[in-house]
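To keep things clear, I will list the structure first and then write my remarks on it.
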Amino acid sequence: MNLNPGQSLIPIFQSGKLLISLVGRNKGDALVDVAKAAGARGGTIAVGRAVVDNRLLQMLSLADMLQDVVFNLLRDEAEAVAEAIRSAYRNPSGKISGLAIMLDVSDMLIRVQPQDHNEHNPGQNAPNPRSEPMNSGHTLLTVIVNHGYADDVMAEARKAGASGGTILNARGTGREEDVKFFGITLVPDKEMLMIVAENGKADAILEAIRKIPNLTEPGGGIVYAMNVEKFIVLGK
């Protein structure tokens with residue numbers, strides 16, 4: 001993007017897609033390269049820990065228990081990037097190399113040149129339409145708990161039908177004022193557990209998580225569910 005001297009970009013909100021890819025450790029950079037070649041502007045890589053049974057772990061080629069979790073925010077190039085990643089991870093052996101899910105993003109901040117402002121942002125109150133219905137048959141369940149509890153949550157979720165999940169280390173941003181207001185104990189170190197479940201099992205898994213004693217206490221954690229628009233197997 002070329003700017004004239006003294007010209008600044010205008011920040012606007014636009015709908016888009018979030019592509020989350022789970023691949024083997026140290027494979028995230030290669031995936032980002034594939035995504036960028038297909039039109040993505042970049043990506044963010046986090047390190048996660050797979051929590052699945054041994055059989056499924058071998059199937060996913062993730063025996064080291066560690067994963068690269070790649071986040072790509074996409075716009076019009078979303079379908080091309082998804083197909084490029086799917087094609088790149090096909091392999092003759094037939095083993096699955098990972099998975100990717102695409103979620104709808106109602107608003108994301110982008111920056112455009114002034115002359116493109118009206119084209120990208122026709123009306124302040126204009127709705128952000130979805131490019132396609134979310135009908136993958138899967139749900140993303142995200143659980144944020146204090147450090148050390150994610151494995152307990154995963155154990156209960158597995159009893160309710162979850163086949164596995166990925167744990168990311170995180171950090172809370174609570175303040176002393178929050179403690180006084182909510183009457184809770186803040187624990188700065190958190191764990192984020194992501195479970196991709198079939199729609200038919202999601203309610204049972206959520207109910208099992210809801211009954212975990214730690215989550216019934218103030219400050220114990222939160223859980224939320226999002227419909228998965230596209231479910232992509234990275235492999236043959």
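Counting from 1, the numbers follow the sequence of the chain as shown.
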Which value, rounded to the nearest 0.5 Å, describes the distance between Thr139 atom OG1 and Asn199 atom CG?
3.5 Å

So do Leu140 and Ile195 actually touch side chain to side chain, heavy atoms under 4.5 Å?
no

Can you name the closest pair of heavy atoms from Gly28 and Val70 and give their distance?
CA-CG2, 3.8 Å

Quick check against the 3.5 Å criterion: does Arg158 have a side-chain atom that pairs as donor or acceptor with the backbone of Val51?
yes

Tell me whether Asp151 is salt-bridged to Arg49, with the criterion being a basic N under 4.0 Å from an acidic carboxylate O.
yes

Heavy atoms of Ser21 and Leu31 approach each other most closely as CB-CD1, 3.6 Å

Which residue, Leu103, Asp104, Val81, Val105, forms the side-chain contact (heavy atoms from CB on, under 4.5 Å) with Lys17?
Asp104

Please report the interatomic distance CD1(Ile101) to CZ(Phe231), rounded to the nearest 0.5 Å.
8.5 Å

Can you find a heavy atom in the side chain of Val228 that is under 4.5 Å from one in the side chain of Met102?
no

Straight-line distance of Ile232 CD1 to Leu19 CG, nearest 0.5 Å:
5.5 Å

Do the side chains of Ile212 and Asp152 get nearer than 4.5 Å, heavy atoms only?
no

Do the side chains of Ile222 and Val143 get nearer than 4.5 Å, heavy atoms only?
no

Please check if atom CG in Asp76 has more than 12 non-hydrogen atoms from other residues, nucleotides or ligands closer than 6.0 Å.
no

Hey, does the side chain of Asn169 reach the backbone of Lys190 with a donor-acceptor pair shorter than 3.5 angstrom?
no

How far does CG of Leu18 sit from CD of Glu229, to the nearest 0.5 angstrom?
11.0 Å

Please determine, by modelled atom types, if Gln14 and Arg75 share a side-chain donor-acceptor pair under 3.5 angstrom.
yes

Between Asp68 and Lys27, does any NZ, NE, NH1 or NH2 come within less than 4.0 Å of an OD or OE carboxylate oxygen?
no

Heavy atoms from other residues, nucleotides or ligands near CE of Met194 exceed 12 (cutoff 6.0 Å):
yes

State which residue, out of Val23, Val47, Thr166, fulfils the side-chain contact (heavy atoms from CB on, under 4.5 Å) condition with Gln67.
Thr166

Going by an N to O cut-off under 4.0 Å, is there a salt bridge joining Lys230 and Glu79?
yes

Any side-chain heavy-atom pair of Val223 and Leu206 under 4.5 Å
yes

How close do Asn72 and Ala35 get, heavy atom to heavy atom, and via which atoms?
ND2-CB, 4.2 Å

Kindly compute the distance separating CG (Leu99) from CD1 (Ile85), expressed to the nearest 0.5 Å.
11.5 Å

Output for pair (Ile209 CD1, Leu141 CG), nearest 0.5 Å, gives 6.0 Å

Atom of Ala197, atom of Ile205 and distance for their closest heavy-atom approach:
CB-CD1, 3.7 Å

Work out which heavy atom in Ala84 is nearest to a heavy atom in Ala38; give both atom names and the distance.
CB-CB, 3.6 Å

Applying side-chain hydrogen bond (donor to acceptor under 3.5 Å, both in side chains), can you list everything that pairs with Lys211, at least two apart in sequence or on another chain?
none

Distance-minimising heavy-atom pair for Val145 and Ala150:
CG2-N, 3.7 Å

Phe71 versus Ile45: any side-chain heavy-atom pair under 4.5 Å?
no

